[in-house]
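Data block below; observations after.
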Amino acid sequence: MLIKNHLADLVKQAIAAAQNANALPAFPMPDVFVERPQKKEWGDFATSAPLKLARDAKRAPLQIAQAIAAHVPSDETVAKVEASAPGFVNFTLSDAWLARQVDAILAAGARFGDLEPPRRLNIQVEHVSVNPTGPMHVGSGRNGAIGDTLANVLEAAGHRVHREFYINDNGSQVRHLGESVFARYAQALGKDEKFPDDGYQGAYVIEMGKQFAQEHTDKFLQMPRAQAVRELGALGMKIVLQQLRATLEKMNVRFDNWFSERSLYTGGTFDTVFKVLQAKGLVVEKDGAVWFAAQELGEEKDAVLIRSPQVIADPDARPTYLASDIAYVWNKVAVRKFDRAIYVWGADHHGDVPRVLAAARALGLDPARVAILIYQFVTLKRGGETVKMSKRTGEFVTLDELLEEVGPDAVRFMLITQSANATIDFDLDVAVKHSDENPVYYVQYAHARIASILKKAIESGVSSEDGDVSLLTHPAELELIRAMLRLQEVVELAANKLEPHHLPHYAIDLAGIFHSFYKQCRVVSSDPADAAISRARLKLVAAAKNTLVRTLNLIGVTAPETM
RNA sequence: GUCCUCGUAGCUCAAUUGGAUAGAGCGUUGCCCUGCGAAGGCAAAGGCUGUGGGUUCGAGUCCCGCCGAGGACACCA
């Protein structure tokens with residue numbers, strides 16, 4: 001159980017006890033929240049409950065705080081309870097209890113920081129899901145960093161998590177890719193084929209054209225053009241998907257499943273949801289197209305589900321992305337029965353959120369089971385100027401290039417450190433030049449330092465065996481323990497609010513507190529008189545390493561032994 | 001024009017259901033390595049939280065107006 005929840009219980013007990021003793025008047029038991037105060041003088045935890053109770057209790061807040069403080073039952077975790085103006089109750093944790101937590105952290109090992117949720121949920125995190133038409137750009141990298149870290153955190157919070165990449169293999173983008181590959185392929189064979197105006201101009205398409213010309217000679221020129229475009233598009237997409245997978249793995253992003261959009265049609269899911277919507281009168285035909293009557297559900301306007309034959313000749317290509325999205329949400333929630341389906345979408349899709357949620361409602365799905373996390377864009381700057389990015393023109397900095405220049409750990413850390421709803425301004429010159437000063441190295445350095453201490457201890461024949469943690473009484477030692485114990489709260493916060501950015505901030509804090517401890521407290525000592533404290537501190541340092549490793553793993557970056 | 005996100009130290013960003021004197025990193029200035037990794041520590045300077053109102057015991061956080069940045073408003077995805 002989280003300490004703050006335990007303390008909240010103590011506060012409730014104190015309120016009841018104070019009421020029994022007539023120190024407080026009768027009023028219904030409120031919800032009590034305990035939080036971290038800003039100042040050390042205010043202890044480890046505080047509650048502002050007295051301020052909130054003032055009205056109901058018809059007493060001055062400070063008076064209520066004093067009554068509560070006086071009736072908090074004694075508890076092994078708490079050393080001091082104080083009422084403080086204007087109406088807080090402050091808790092200071094017991095030094096002895098804190099010291100004991102070092103053994104607890106070591107015992108928890110790789111599972112330290114895990115929570116036990118009231119109910120273990122099946123959660124799907126679908127993220128990245130970039131069109132498989134070319135190399136990833138940095139924005140999609142942000143998507144992957146957010147999605148994967150979130151998935152890690154939800155697992156730590158005690159849930160079962162399924163990571164999925166949604167392959168847009170049914171849209172016009174893939175057709176454009178096929179057209180582009182076809183043109184490059186024909187050109188590679190010396191044919192004067194016009195490159196489509198809206199084609200993908202990147203060099204990777206030229207490469208594919210050459211490759212296919214070599215592998216298949218003129219096979220695709222011998223078949224009907226439409227068929228060749230389709231088959232080359234499929235081949236091209238396969239290659240792009242392999243590249244995407246490779247790029248994502250560099251960033252430590254992996255998926256349990258790669259889900260085909262097309263399968264929503266071939267597998268009959270779309271037909272099913274279409275009939276459900278039809279039965280509810282939410283499907284209308286207009287101007288030759290089939291529309292989703294979103295207005296009936298309070299949305300601003302209707303949206304096309306299936307385009308008219310006049311606009312798109314190929315029947316397979318007529319459904320819009322919205323048609324797929326509706327079938328997909330049904331597949332996630334109704335068919336695969338995920339308790340929660342989390343989407344990670346870029347800001348350019350935020351306008352689609354209400355329609356998907358409306359569709360979920362229309363299909364009788366609980367909208368609370370669907371969460372769509374929107375993140376803002378990443379803008380790159382180089383030489384003081386914004387780097388414009390467009391896949392069509394092929395002018396963009398790829399994620400691969402960034403990973404190459406800056407390094408996977410730094411990229412992932414930077415993409416996750418900022419809250420999703422803030423845009424990221426990424427100065428490439430600075431990122432490359434000052435990469436040594438990236439916060440991720442600050443954290444990793446703390447880890448490497450600990451690894452070095454542990455190595456030194458082995459060389460010096462000092463062991464943590466039988467280390468007595470009750471000897472850990474130095475303020476810097478206790479400060480470090482306090483910092484380690486915050487991990488669970490950070491996991492809870494990040495999981496509840498779907499805000500993975502809290503993790504790197506915590507990691508920086510923890511590393512800083514470790515560095516400060518290191519400066520103040522000698523761990524491995526050659527003085528025989530220090531033998532006992534050395535053993536205890538080795539335990540402390542091992543616990544700190546455990547905590548750093550866990551935090552870095554959650555963020556998805558490595559914890560190097562040496563740097 | 002309507003909607004979404006954002007505006008906090010010189011720069012990049014935090015700030016846990018609205019809580020106490022708004023915090024880090026980088027940069028700047030000054031200290032600290034002849035015992036565990038100086039990719040480090042300690043200290044200083046730096047703020048009317050874009051702006052004007054409002055809500056209340058209390059607002060960076062909630063509401064309204066204005067200014068500024070990015071995004072969305074297709075039979076594109």
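Checking B:C36, B:A77, B:G19 against every side-chain atom of A:Ile453, the shortest atom distance belongs to B:C36. If you check B:C13, B:C75, B:A39 against the side chain of A:His505, the one that comes closest is B:C13. Closest to the side chain of A:Tyr445, from the set B:A38, B:G70, B:C73, is B:A38. Listed nucleotides B:U56, B:U5, B:C36 differ in distance to A:Arg55; the shortest reach to its side chain belongs to B:U56. Of the candidates B:G71, B:A77, B:A22, the closest approach to any side-chain atom of A:Phe377 belongs to B:G71. With distances taken from any side-chain atom of A:His515 to the nucleotides B:A14, B:G41, B:A39, the minimum falls on B:G41. Nearest nucleotide to the side chain of A:Asp425, out of B:U12, B:C75, B:A14: B:U12. If you check B:C75, B:G19, B:A20 against the side chain of A:Leu51, the one that comes closest is B:G19. Candidate nucleotides B:C32, B:G71, B:A39 were compared by shortest atom distance to the side chain of A:Tyr441, and B:A39 ranks first. Of the candidate nucleotides B:C75, B:G40, B:C13, B:C75 has the atom lying nearest to any side-chain atom of A:Asp287.
Aromatic stacking is not marked for A:Tyr442 over B:A39, as the cut-offs of 5.5 Å for the centres and 30° for the planes do not both hold. In this structure, A:Phe88 counts as stacked on the base of B:A20 under the 5.5 Å centre distance and 30° plane angle limits.
A:Glu261 comes within 4.0 angstrom of nothing in the nucleic acid, heavy atoms only. Among the heavy atoms of the strands, none lies under 4.0 Å from A:Ala303. In this structure, A:Leu493 reaches the sugar-phosphate backbone alone: every heavy-atom distance under 4.0 Å involves primed, P, OP1 or OP2 atoms, never a base. Using a 4.0 Å heavy-atom criterion, one finds that A:Ala448 contacts the bases of the nucleic acid, with or without backbone contacts as well. A:Lys301 comes within 4.0 angstrom of sugar-phosphate atoms only, judged by non-hydrogen atoms across all strands, and of no base. When heavy atoms are screened at a 4.0 angstrom cut-off, A:Ser526 is found touching base atoms of the nucleic acid. Heavy atoms of A:His349 sit under 4.0 angstrom from at least one base atom. Using a 4.0 Å heavy-atom distance criterion, A:Arg36 is classed as a base contact. No engagement by A:Glu499 is indicated, since no non-hydrogen atom pair under 4.0 Å with the nucleic acid exists.
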Side-chain donor-acceptor pairs under 3.5 Å in residues 42-56 of chain A, sequence neighbours left out?
residue	atom	partner	partner atom	Å
A:Asp44	OD1	A:Arg482	NE	2.5
A:Asp44	OD2	A:Leu93	N	2.8
A:Asp44	OD2	A:Arg482	NE	3.3
A:Asp44	OD2	A:Arg482	NH2	3.0
A:Thr47	OG1	A:Phe33	O	2.9
A:Thr47	OG1	A:Ala49	N	3.1

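Surrounding CD of A:Glu300 are at most 12 heavy atoms belonging to other residues, nucleotides or ligands under 6.0 Å away. Shown here is A:Glu465, whose CD atom has no more than 12 heavy atoms of other residues, nucleotides or ligands within 6.0 Å.
The phosphate of B:G41 has neither OP1 nor OP2 within less than 4.0 Å of any side-chain N or O from A:Arg449.
For B:A77, the base has a donor-acceptor partner in the side chain of A:Tyr321 [N/O atoms by modelled type, under 3.5 angstrom]. Judged by distance alone, with hydrogens and angles left aside, A:Ser308 brings a side-chain donor or acceptor within reach of the base of B:C75, the pair sitting under 3.5 Å. Evaluation of atom-type donor-acceptor distances gives no pair under 3.5 Å for the side chain of A:Ser516 against the base of B:G40. A donor-acceptor contact under 3.5 Å is formed by the side chain of A:Asn90 with the base of B:A20. Side-chain N/O atoms of A:His350 and base N/O atoms of B:G71 include a donor-acceptor pair closer than 3.5 Å.
Annotation: of the two residues near RNA chain B, A:Pro37 and A:Thr417, the 5′-most nearest-nucleotide partner is A:Thr417. The residue among A:Asn421 and A:Ala446 whose nearest nucleotide of RNA chain B is located toward the 5' end is A:Asn421.
Ionic pairing of A:Asp9 and A:Lys12 is not present here: no N-O contact between side-chain nitrogen and carboxylate oxygen is shorter than 4.0 angstrom.
With a 4.5 Å cut-off on side-chain heavy atoms, A:Glu126 and A:Ile342 do not count as touching. The shortest distance between side-chain heavy atoms of A:Thr379 and A:Phe426 does not fall below 4.5 Å.
In this structure, CZ of A:Phe426 is placed 11 Å from C1' of B:U12, rounded to the nearest angstrom. The CZ-C1' distance, from A:Arg355 to B:A74, rounds to 10 Å in whole Å. One interatomic measurement links the two molecules: CD1 of A:Ile424 to C1' of B:A14, which rounds to 14 Å at whole-angstrom precision.
In summary, the aromatic rings of A:Tyr441 and A:Tyr445 are positioned with their centroids too far apart to meet the 6.0 Å limit.
Taking the syn range as angles within 90° of 0, the glycosidic angle of B:C67 is outside it, so the base is anti.
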